[in-house]
Structure formats: structure tokens, C-alpha cells
Amino acid sequence: MQSTHLSPSTLLYEGKAKQLFLTDDPQVLWVRYKDDATAFNGQKFDRLLGKGVLNNLISAQIFKDLADFGIPSHFIDRVSDIEQLVRRVEIIPLEVVVRNVVAGSLAKRLGWEEGRSLKQPIVEFYYKNDDLGDPLLTENHIDLLDLATTQEIKELREGALQINDFLTKRFSKIDLQLVDFKLEFGRQPDGSLILADEISPDTCRLWDGKTNEKMDKDRFRRNLGGLVEAYQEVWNRLHVGKDA
Ligand code: UDP
């Protein structure tokens, strides 16, 4: 964490879990993580004290680890317990989901048991559109909607699988199974794509390696309780030996 001469000014956008502020630098945004939790397209809502801090810490740590591994993201620096600076990008309205194990909507779609390992990781694209309920898209749909070119879709798929390789190992070392997760990418001013948004237990399914206990947002979606405690445990394991 470094000091910065920048400070948040106008609120640019407020999402379900974060606020984005402009700064004096037009290329840099100030992100504030909220304690709010939502699910089922905003129908379920709660405020879980401490979630924002933990997601900020976890996401910053993962972006730093990815950068050390050679995978860049929009992340610049964490500036407080609940805030980070990121490069301003134009978010592509696609949720890029990678899955290693059956869970959630894939269990429903295929009629398969949760917990079944996939023979290889798969990548899915969902349209970030609340009015439509974030539908699954084929590559033809993405082309029709003009959301990304064929070359960009290839890049998104390959980038997501590479991130999955890294994250699967990173979490496995701390006895967490990475079941699935969602990524978002943005376009930089030169047109190139870069990883953006957040990577946290709000956007990943993480199961304890020994007990299979859910350590992610499913604790909220499924009314299991103990969400903040689970996120705290993920953070405790993640930053052991790190100077966060
Ligand atoms: N996910 C997310 N935001 C969304 C939808 C899904 O971060 O708006 C994540 C979710 O946490 C999980 C993965 O993407 O790790 C796959 O989610 P799924 O399609 O199974 O949907 P869900 O069952 O979460 O509604």
C-alpha cells in the first residue's frame, strides 16, 4: 500500500458491491468496496459488515500475485482498507466464467450433481445485462451484439484459462479448491484487453480442501451464515508470508 496524491472526486458509477470515483488523473479510477451483498439479480440484499474490507484485501492480493506471474490487470494500488486505485478501462459487458467443478447454474443446466469434476476447465460467456437476467451467450450471440471480435473472444478464452491455471494452483496451496469464478475484462485506450473488476470470494466459488465447506458468496446465496468469517479465513490463508 502506497500513499497517493490522488483522491476520489465525482462518483462515476455505483454497482452492487463497489463505488467508482473519478480522480484528477483521467486514466485512473478510485474504487471503494461496499459491505453490501446482493444475489439473484438484486432480489436478495443484505449488508455484511467487514465484507468490503476483505474483498478489497483479497482482490488486491490476487491482482498483485497475477502481476508477479506476468498477467497484468487494471489494478494499480490499494490505498486504504476499502479502497484501491485502478486504471480506467471500458468494461466489456461480458461475464467470463471459468469452471473446474460443477456448481450453481451449470448443475441446473446439465442436471449434474454439484461437486463433479469436469474433464477439463470450460469457459462460458454471460451478457452483463440486468434487464435480461445475464443470459448465457454463444460466440455467435457475442458477434451479433457486437460485444467482441472473434480474435478478442479467443483472447478472452485463452486469458481466462491462463488465469484459471494460476489461481487453481494458488488456492490449492492454501487448501482451497477453486470450483469456478467470474472475470471481467476492459478495453484500454489503445484497444488492447486487460483483466479488470475484482477477484474475490464474491466472484469465485472456493471450497475448503478438507471439509468441502463453502468459503464464498454461496454462504449468502444459500443462507448458510458465516460469510464474513469465511472470507476472513480465505484472507488469513492467502496472505500468510505476504507483506500485505
Ligand atoms: N458469478 C459472479 N457474478 C455473477 C454471476 C456469477 O461473480 O453475476 C460467479 C459466481 O460467484 C460463480 C461463477 O461466477 O463463482 C459461476 O456462477 P453461476 O453461473 O453458477 O451462477 P450462480 O449460481 O452464482 O447464480
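Just follow the structure's listing: the first ligand is 1, and inside any ligand the first atom is 1. From a predicted model like this one, the values you see are computed outputs, not experimental measurements.
Heavy-atom proximity to Tyr126, at under 4.0 Å, picks out these atoms of ligand 1: 19 (O). Each of the atoms 4 (C), 5 (C), 8 (O) of ligand 1 lies under 4.0 Å from some heavy atom of Glu95.
Contacts with ligand 1 closer than 4.0 Å are made by no heavy atom of Phe40, backbone or side chain. At a 4.0 Å heavy-atom cut-off, ligand 1 does not touch Ala39 at all. Contacts between Val179 and ligand 1, counted as non-hydrogen atom pairs separated by less than 4.0 Å, are absent for every part of the residue.
A donor-acceptor pair shorter than 3.5 Å can be found between the side chains of Ser105 and Arg99. Inspection of the Lys217 and Asn55 side chains reveals no N or O donor paired with an N or O acceptor under 3.5 Å. There is a side-chain donor-acceptor pair under 3.5 Å between Glu124 and Tyr126.
Each of Leu106, Val101, Asp180, Val179 was checked for a side-chain contact (heavy atoms from CB on, under 4.5 Å) with Leu118, and the lone residue meeting it is Leu106.
Looking at Lys217, Arg205, Arg221, Arg222, it is Arg205 that brings a heavy atom closest to atom 23 (O) of ligand 1. Considering each of Lys182, Arg99, Lys16, Arg109, the one bringing a non-hydrogen atom nearest atom 7 (O) of ligand 1 is Lys182. Nearest-heavy-atom check against atom 19 (O) of ligand 1 across Ala103, Ala107, Ser105, Gly104 picks out Ser105.
For the pair Lys44 and Phe220, the cation-pi test (distance below 6.0 Å, angle within 45°) is passed.
At least one heavy atom of Asp202 sits under 4.0 Å from some atom of ligand 1.
Every salt bridge (Lys or Arg N to Asp or Glu O under 4.0 Å) that Glu114 has, sequence neighbours left out, goes to Lys214, Arg222.
For ligand 1, the polar-atom distance check against Glu124 finds no nitrogen or oxygen pair separated by under 3.5 Å.
Between Glu83 and Asn56, the closest heavy-atom pair is N-ND2, 3.0 Å.
Checking atom 25 (O) of ligand 1 against the protein gives no heavy-atom contact under 4.0 Å.
Hydrophobic cluster membership of Tyr13, counting Ile, Leu, Val, Met, Phe, Trp and Tyr whose side-chain heavy atoms lie under 4.5 Å apart directly or via other members: Leu12, Leu20, Leu22, Leu29, Val31, Tyr33, Val86.
Counting protein heavy atoms only, atom 12 (C) of ligand 1 is closest to Asp180 OD1, 3.1 Å.
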